[in-house]
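Notes follow once the structure below has been shown.
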Amino acid sequence: MIDSGIGILSESLDRVFEPFYTTKPQGEGTGLGLSTSIGIVRSHGGFMDVYSERGGGTTFKVFLPDASRIPVPID
C-alpha cells in the first residue's frame, strides 16, 4: 500500500507496529490496525516493511512465503 500523505515522523516510524501505539488524539483510534496486520502476516511466515519520507508519503510492503513451495502432508 502506498499513500501520498505527509509521511511518518522517524520517531514514530520505529513504533508503528506496536499494539496501542497511535498518533491520533485520545478516543480517535486504538492503534491496533498495524499491530494486528503484522501479527497476521507473521503467523503466515511473512513480514512487513515500511518506508516513509516526510512530505513524500508512506509505503507498506507485505512479504509472504510462496504457498506453492509449502509441502502438503499426504494421509
Side-chain angles (χ1 to χ4, degrees):
M1 178 176 86
I2 300 172
D3 72 25
S4 58
I6 62 169
I8 301 172
L9 294 173
S10 59
E11 57 267 17
S12 294
L13 198 58
D14 293 337
R15 301 186 63 199
V16 295
F17 295 113
E18 291 180 14
F20 305 109
Y21 180 75
T22 182
T23 58
K24 295 178 182 175
Q26 189 171 0
E28 291 190 27
T30 61
L32 290 173
L34 288 174
S35 65
T36 300
S37 298
I38 200 163
I40 293 167
V41 169
R42 285 179 177 165
S43 73
H44 287 86
F47 65 96
M48 290 178 71
D49 190 24
V50 58
Y51 172 78
S52 186
E53 190 174 298
R54 284 304 279 173
T58 303
T59 302
F60 286 91
K61 292 183 179 181
V62 176
F63 298 88
L64 295 169
D66 183 351
S68 67
R69 294 177 171 254
I70 297 173
V72 178
I74 299 174
D75 292 329

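Just so we're clear, the structure is a prediction, and the values are computed from it rather than from any experiment.
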Fill in: With sequence neighbours excluded, residues passing side-chain hydrogen bond (donor to acceptor under 3.5 Å, both in side chains) with T23
none

Response to the item:
Shortest non-hydrogen pair, S35 vs E18, comes out as CB-C, 4.0 Å

Worksheet entry | Listed partners of E53 passing salt bridge (charged side-chain N to carboxylate O under 4.0 Å, His left out), at least two apart | none

Discussion item. Using 0.5 Å steps for rounding, measure from the CD1 atom of I40 to the CD1 atom of I38.
Written reply: 11.0 Å

Worksheet entry | Interatomic distance, R42 atom CZ to L64 atom CG [nearest 0.5 angstrom] | 13.0 Å

[X] (side chain) donor-acceptor with [Y] (main chain) under 3.5 angstrom:
{"X": "S12", "Y": "I8", "value": "no"}
{"X": "T22", "Y": "G31", "value": "no"}
{"X": "T59", "Y": "S52", "value": "no"}

Discussion item. Would you say that more than 12 heavy atoms from the other residues, nucleotides or ligands in this model lie under 6.0 Å from the CZ of F63, or not?
Written reply: yes

Discussion item. When you group the ILVMFWY residues by side-chain heavy-atom contacts below 4.5 Å and let the links chain together, are V41 and Y51 in the same group?
Written reply: no

Discussion item. Going by side chain to side chain contact (heavy atoms under 4.5 Å, CB included), name the residues that satisfy it together with V50, two or more places apart in sequence or in a different chain.
Written reply: L13, V16, F17, T58, F60

